[in-house]
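In what follows, a single structure is set out as structure tokens and then discussed.
For ligands, and for the atoms within them, numbers begin at 1 and follow the listed sequence.
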Amino acid sequence: MDFDILRNLGRKVKKARYFNGVKILEESLMKSFNDAWNLVCVNCKSKITDVGYNIWISRIEPVSLNFEKGEATLMVPSDFHRETIENFYLPMIKESFKEVFGTDISITFITPEEDKEEAPKEASSTSFYDFTFDNFIVGSSNKFAHAAAMAVAANPAHAYNPLLMYGSSGLGKTHLLYAIGNEIKNDNPDMKIQYVKGDDFMNELIESIGNNTMPEFRQKYRQADVLLVDDVQFIAGKDRTQEEFFHTFNTLYESHKQIVLTSDRPPKEINILDDRLRSRFESGLLADLQPPDVETRIAIIKRKADSLNLPISDEHAQFIANKIKTNVRQIEGVVKKLNARYLLNNEKITQAVVSEVISDILNNDAPPEHTIDMILSEVSRTFGVKPEDIKNQKSRRSNINHPRHVAIYITRELTDLSTVTIGEIFGNRHHSTIVYTIQQMEKKMQTDSNLRDTIEDIIKNIRDR
Ligand code: ADP
Ligand code: MG
């Protein structure tokens with residue numbers, strides 16, 4: 001076991017940011033904790049027998065890590081499992097954590113049942129990522145949205161209501177949305193700030209209809225003092241979700257509560273958005289975010305490198321800024337990756353390393369040729385069904401046929417795959433079925449403008465990813 005790597009990863013992880021709530025852990029951070037947990041496991045494995053490891057350790061799942069507080073939560077399959085681990089393996093696990101993170105971490109074990117019980121509590125105790133106004137770099141491309149966000153944060157419900165910020169992926173919409181949340185929470189600790197992503201609003205709604213918990217769902221959103229809705233475009237086209245959101249919006253608006261929305265495009269370009277919602281969204285302030293100019297890009301690179309203690313020359317910062325022009329997320333990706341190489345391999349940052357990292361990021365992030373996975377994830381998100389069900393021939397859910405037909409049609413539109421291959425992908429269907437499905441969809445689209453808009457929007461989402 002290479003403990004240098006362990007220790008270095010410990011440092012890397014330490015520099016990443018961690019947040020309290022399980023439910024709001026960002027995926028990339030979660031990945032860091034997953035990676036770190038894998039290292040903890042490797043470390044444990046070297047200390048106990050294979051059998052002991054397989055039975056007790058391998059079934060633990062990482063849930064959350066709050067590095068600042070030195071607390072980790074791990075999920076175990078049952079109470080019995082927890083007792084055994086606490087009695088026999090806890091010291092070893094803690095020691096391994098210490099080796100990986102370089103510091104003591106206290107550990108809480110939860111069972112799947114407890115996780116469920118805790119979920120609502122965590123979802124409501126809003127805690128935001130470390131996205132603040134302080135670490136947002138302002139340039140001509142985003143100064144309008146930034147100023148609007150600051151005004152709303154300083155004066156919730158009295159400046160602009162609703163505020164809708166829009167722009168392509170990776171330009172800082174979520175950052176500003178969280179910054180508003182952070183600022184309001186700082187100034188008004190008692191205010192209830194509710195953050196939700198458009199598609200989660202839909203998923204929660206579906207779940208609460210199924211569980212008969214609509215009153216709780218409504219209460220959660222309608223009693224907020226500030227409602228922050230990220231990627232609101234995802235509620236478009238879903239009747240029940242739009243209806244529910246419309247009432248939520250009105251309730252909050254009428255009682256002078258602040259609403260802030262983000263979207264990947266202006267309301268008038270969300271084809272399948274309900275007109276009533278469109279006019280609500282347009283009734284406040286619309287603020288767009290454009291790709292940053294080169295000075296702003298350089299400033300972002302330097303600030304990010306600084307926060308990671310990564311030494312980076314002006315020349316390299318400029319070089320990166322000239323190569324990556326339209327997406328701050330990619331710019332940050334380059335800096336993070338450089339930092340990883342610097343920490344993990346003790347590598348000096350040379351021009352060659354910078355170029356290599358840039359091409360890695362561009363290749364990884366460039367939309368891979370409209371793959372089936374993207375199609376499945378967009379279609380499933382649009383219709384609120386599971387990607388597996390779309391592919392699975394045996395799925396007998398009655399609501400799955402339509403999404404499946406849409407997915408088949410879009411696959412044919414966006415890929416060069418033959419109908420035989422498409423048939424194989426979608427549950428081993430005969431190619432004649434695929435041909436028939438596509439013909440039917442084309443026919444329906446001629447008369448059903450709603451369907452046409454839905455499909456156009458899905459295709460746009462896939463192309464923009
Ligand atoms: P979006 O929601 O528009 O897709 P995000 O808000 O998630 O984009 O931004 C992507 C990443 O880029 C985040 O890590 C964010 O902190 C960073 N970022 C974007 N714009 C800026 C900026 N002007 N200054 C500093 N960081 C930024
Ligand atoms: Mg976002």
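The heavy atom nearest to atom 19 (C) of ligand 1, considering only D230, V328, D134, is found in V328. Comparing E332, R303, H175, R329 by heavy-atom distance to atom 7 (O) of ligand 1, the nearest is R329. Distances from atom 8 (O) of ligand 1 to the heavy atoms of G172, S263, S168 put G172 nearest.
In N142, the part holding a heavy atom less than 4.0 Å from any atom of ligand 1 is the side chain. Using a 4.0 Å cut-off between heavy atoms, I300 contacts ligand 1 through its side chain alone, with no backbone atom that close.
Taking the six-membered ring for Trp and thresholds of 30 and 60 degrees, F245 and F281 have ring planes more than 60 degrees apart, a perpendicular arrangement.
For the 3.5 Å distance criterion, the side chains of N211 and S208 fail to qualify, holding no donor opposite an acceptor.
Excluding waters, the protein N/O/S atoms found under 2.8 Å from the Mg ion (ligand 2) are T174 OG1.
In this structure, S263 and L164 approach most closely via the heavy-atom pair CB-CD2, 4.3 Å.
Note on R278 versus D275: salt bridge recorded, some NZ/NE/NH1/NH2 to OD/OE distance being below 4.0 Å. The pair R404-D389 does not count as a salt bridge, with every side-chain nitrogen at least 4.0 angstrom from each carboxylate oxygen. A salt bridge between E332 and R303 is absent, with no side-chain N of the basic residue lying under 4.0 Å from a carboxylate O of the acidic one. For the pair D274 and R280, the salt-bridge criterion is not met [side-chain N within less than 4.0 Å of a carboxylate O].
Put simply, no part of D264 is less than 4.0 Å from ligand 1, judged by heavy atoms.
Geometrically, ligand 1 and G170 share a nitrogen or oxygen pair separated by less than 3.5 Å. At under 3.5 Å, not a single nitrogen or oxygen of F131, backbone or side chain, sits near a nitrogen or oxygen of ligand 1. Residue I137 has at least one N or O atom closer than 3.5 Å to an N or O atom of ligand 1.
Taking the six-membered ring for Trp, F234 and F201 have ring centres at least 6.0 Å apart.
Annotation: H256, atom NE2; neighbour count of heavy atoms from other residues, nucleotides and ligands within 6.0 Å does not exceed 12.
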Go through the steps to decide whether V196 and D230 satisfy the test side-chain contact (heavy atoms from CB on, under 4.5 Å), and finish with yes or no.
CA-CA 6 Å; V196 68; D230 210 358; over 6 Å; no
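Residues that satisfy the ring-ring contact (aromatic ring centres under 6.0 Å, His included) test with H146, not counting sequence neighbours, are F133, F136.
Close contacts between ligand 1 and S169 involve ligand atoms 4 (O) [criterion: under 4.0 Å to a heavy atom].
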